[in-house]
Amino acid sequence: MNASLSFLQELGIQAHNAGTWIGGTSFDHSERITSSSPVDGGVIASVSISTPEQYDRAVAAAHEAFLEWRTVPAPKRGEIVRQYGNLLRQHKEALGALVSYEMGKSLAEGQGEVQEMIDICDYAVGLSRQLAGLTLKSERPDHFMMEQWHPIGVVGVISAFNFPVAVWAWNACLAWVCGDSVVWKASEKVPLCAVACQILWNRVAAQNNVPAGLSSIVTGGVEIGVRLSEDNRIPVVSATGSTRMGREVGQKVAARFGRSILELGGNNAIIVTPTADLKMTVTAAVFGAVGTAGQRCTSTRRLIIHESIFDKVIEAIKSAYAQLRIGSPLLAENHVGPLIDEAAVAMYLSALDAVDAAGGTFHLRGGKLEGAEYASGCYVKPSIAEVQNDWSIVQHETFAPLLYVMKYRELDEAVAFQNNVPQGLSSAIMTGSMQEANRFLSACGSDCGIANVNIGTSGAEIGGAFGGEKETGGGRESGSDSWKAYMRRQTNTLNYGNALPLAQGIVFNI
Ligand code: UN1
């Protein structure tokens, strides 16, 4: 481990780390994952893989913790999450730097991700006093009805490499205030981020004497994800990642009548209308397409541009791309860091070939960057390609800075392009026209879970429900009433009279 990486020390990361944690108790194993940085290719540290026995212990402890935790008043549960948020405030820089170094996103985005964790902590604290159910009028005399929301049990979280800490926090913070315990399987590409979050959590847990299994982590590849998905002790599995992964998880969880919250692939478009503000459009499109090196679920993949302004928009975007600085994300002056690994680079390059093969026109053809500064082998130059929406490569999510552009004539045609992909996460329109904006947001407009006006597709706030339709999986996480997915709903009918009238007017005399 590079000793100059002081943030690792601050977070308690060692050269060799255990990959199974039940609260503050860790379990090591000889089989290990070595985490190396896409920034410079340097080995950061290793994390042990969870054995089947260790996995079982973590889930058993989580269930035991749940039995105790569900009896703790919800605002008191919120108090623990409040303390975690404060601890994250203290370690925002260190954790943000780890996210940046292990995953490769810019320092600003690494810090931003920790800010999202802090924000969801605050949100969850408030929520802990608002887990409200309805009261309903009964059809029967001297009766009333109400709904209660009860803790549901162990929540399994499967998270992706691109948001190594925030997406877990969206799930975990809500689950905790709802009275649930959490078992987390992070992406094996960023296992140290998970260990760091757990170590920080353990400090809060120790001070408050919370049950050990309230937060556990397990480490490994697909086999751990399969185990979580098939595990009857886990009523809710929240999974973020590819559509391929989500299809597996969703089917396995459904087969045992569990509940899954799926946040899968996107194919997000911005419609650029003739009245769009050009400066705002360029910022939205460029940040959306190259931010996080195009590795957000919400990254902008497609620009659907009115034919009358097409050339002007392309020129403006190209000149913004010319100013992009690509390099170490740890240097504040760089806009774009590396892709996660060499396999991601290979996928990007083969997508460029597929665009060529389909007959696309590159307005900017990127590729792999070579040279000492790019020695990790994961840096690429972004691309812009003019394509047809129905080409198979365009219908497919390439997790890289590859932006497709296409022309439209009528708004309905643009909306049809926007919707005619298998995915349905995020979407946006840039317009100065109220009619166009409202049409885009209407029932006949965007079919995505997120539809924005005059902002881009990425960078959603935690206060809204986050997720999308179709192959994006249908789940909602973070704000609004997403918390309901982490609880079980109970309908109660109470009779305060002395007779037993039956519903639907049924008479049953005995
Ligand atoms: C993801 O890429 O899985 O809206 C999450 C955004 C972020 C979250 C993205 N708040 O871009």
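One-based numbering, in listed order, for ligands and for the atoms of each.
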Output yes when the distance from some N or O of ligand 1 to some N or O of [X] is under 3.5 Å, and no in every other case.
{"X": "Thr298", "value": "yes"}
{"X": "Ala460", "value": "yes"}
{"X": "Gln295", "value": "no"}
{"X": "Glu116", "value": "yes"}

Residue pair Arg476 / Gly474: nearest heavy atoms and the distance that separates them:
NH1-O, 3.4 Å

Counting N and O atoms only, with roles assigned by atom type, does the side chain of [X] sit under 3.5 Å from a partner on the main chain of [Y], one being a donor and the other an acceptor?
{"X": "Ser376", "Y": "Gly41", "result": "no"}
{"X": "Thr431", "Y": "Ala276", "result": "no"}
{"X": "Gln388", "Y": "Met406", "result": "no"}

Contact atoms of ligand 1, heavy-atom distance to [X] under 4.0 Å:
{"X": "Phe466", "value": "4 (O), 5 (C), 9 (C)"}
{"X": "Asn162", "value": "1 (C), 2 (O), 3 (O)"}
{"X": "Arg296", "value": "2 (O), 6 (C), 7 (C), 11 (O)"}
{"X": "Ser458", "value": "11 (O)"}

Within reach of ligand 1, part of [X] (heavy-atom separation under 4.0 Å):
{"X": "Ile462", "value": "neither"}
{"X": "Glu263", "value": "side chain"}
{"X": "Trp170", "value": "side chain"}

Which label fits Tyr379 and Tyr374: parallel for a plane angle under 30°, tilted from 30 to 60°, or perpendicular past 60°?
tilted

Is there a donor-acceptor contact under 3.5 Å linking the side chains of Ser426 and Thr298?
no

Strictly under 6.0 Å, is that where the ring centroids of Trp170 and Trp184 end up?
no

Nearest-0.5 Å distance that lies between atom SG in Cys121 and atom CG in Leu88:
5.5 Å

Atom 6 (C) of ligand 1 sits nearest the protein heavy atom Gly459 N, 3.2 Å

In the protein, what heavy atom is nearest to atom 1 (C) of ligand 1, and what distance, to one decimal place, separates them?
Cys297 SG, 3.5 Å

Is any side-chain N of the basic residue among Glu79 and Arg82 closer than 4.0 Å to the acidic one's carboxylate O?
yes

